[in-house]
Amino acid sequence: PMKQWRPLMGMFLDELLRTEGLDAVGATDRCRSCGVDVGAQCRRFRCRQCGDFMQCEVCVVGGMRRFLCIVQRYEWNGRFWVKTTLRDLGCVFQLGHGGFSCPHPAARARSMVVLDFPHLHTINFKYCACDKSDDANNLQQLLRNRWYPATTVDPGTCATFATLETFRLLNVVSNVNVQDFVKTMERRSDATRV
């Protein structure tokens, strides 16, 4: 196998490095979602989980709301991709409406650390305070969004149900403990801890 791979080593390296540049999202200056021109004056983004394509700021924020997508985003700074968060873009996730706007949201936006394997995300969110919440309390709104709160009193950390299921499987199959699991997620999110 190594004998077959060695002649292709340069191509593998070129392709890995290509993903770090602007060419990985295509040589176009158009947002792949809406088609708007994202020239030099516009901010350019990509999401490695959703796909390696360029998006404008409007589509990135709209996608978070439509698809409940809180994954890590990257912004082109003119030379290379840098990590950015939806929180940095001013996004506030609305509970109780599947990410869509609420006619009567809670007055205050809160901060929450969401463990969403393989990353940790810090997001801003608001609870729903309108009639559509069916009188659901704050904990129920988190659970209905498939976020399991770390505490029952004013939670500041949640884990997605998918993350809990991943941990359960790794714990049963590989005997991974919770401390190692969370440390791994911390390193995936920011290995340099800057």
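On a predicted model such as this, the values are computed, not experimentally measured, just so you know.
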Residues passing the side chain to side chain donor-acceptor pair (under 3.5 Å) test with E75, sequence neighbours excluded, are R43
Note: A129 and P105 closest approach over all heavy atoms is CB-C, 4.2 Å
By side-chain contact (heavy atoms from CB on, under 4.5 Å), S111 pairs with (sequence neighbours left out) R87, T122, N124
For Q94 and C102 the tightest heavy-atom approach is CD-CB, 3.5 Å
Here the gap from F161 atom CZ to L164 atom CG, rounded to the nearest 0.5 Å, amounts to 7.5 Å
Are any of the side-chain heavy atoms of Q140 and N137 separated by less than 4.5 Å? yes
Scanning both residues in full, the closest heavy-atom pair of N177 with Q179 reads OD1-N, 3.1 Å
In short, K83 meets R188 closest at the heavy-atom pair NZ-O, 4.3 Å
- Do L95 and W147 come within less than 4.5 Å of each other through their side chains, counting heavy atoms only? yes
Students should find that the hydrophobic cluster of F80, defined by side-chain heavy atoms under 4.5 Å apart, otherwise consists of V82
ring-ring contact (aromatic ring centres under 6.0 Å, His included) filter on Y148, not counting sequence neighbours, yields none
Does one hydrophobic cluster hold both V153 and L139, with members joined at side-chain heavy-atom distances below 4.5 Å? no
Residues passing the side-chain contact (heavy atoms from CB on, under 4.5 Å) test with P103, sequence neighbours excluded, are H97, C130
Salt bridge (charged side-chain N to carboxylate O under 4.0 Å, His left out) pairs touching residues 171-181, sequence neighbours excluded, are none
Sequence neighbours excluded, the answer for side-chain contact (heavy atoms from CB on, under 4.5 Å) partners of T157 is V113, L115, A150
Would you be so kind as to tabulate the donor-acceptor pairs closer than 3.5 Å made by side chains of residues 167-176, with sequence neighbours excluded?
{"residue": "R168", "atom": "NE", "partner": "E165", "partner atom": "OE1", "Å": "3.4"}
{"residue": "R168", "atom": "NH2", "partner": "E165", "partner atom": "OE2", "Å": "3.0"}
{"residue": "N171", "atom": "ND2", "partner": "V176", "partner atom": "O", "Å": "2.9"}

The reported gap from CZ in R110 to CZ in R108 (rounded to nearest 0.5 angstrom) is 4.0 Å
Point to revise | Test log, rule side-chain hydrogen bond (donor to acceptor under 3.5 Å, both in side chains), inputs T163 and T166 | key: CA-CA 5 Å; T163 297; T166 301; 5.9 Å; no
In terms of heavy-atom contacts, C158 and M112 come closest through SG-SD, 3.6 Å
Take R146 and T160 through the side chain to side chain contact (heavy atoms under 4.5 Å, CB included) test and state the conclusion after the steps.
-> CA-CA 6 Å; R146 302 184 57 77; T160 63; over 6 Å; no
So SG of C128 and CG of N145: to nearest 0.5 Å the spacing works out to 11.5 Å
With sequence neighbours left out, the residues meeting side-chain contact (heavy atoms from CB on, under 4.5 Å) with A109 are V92, K126
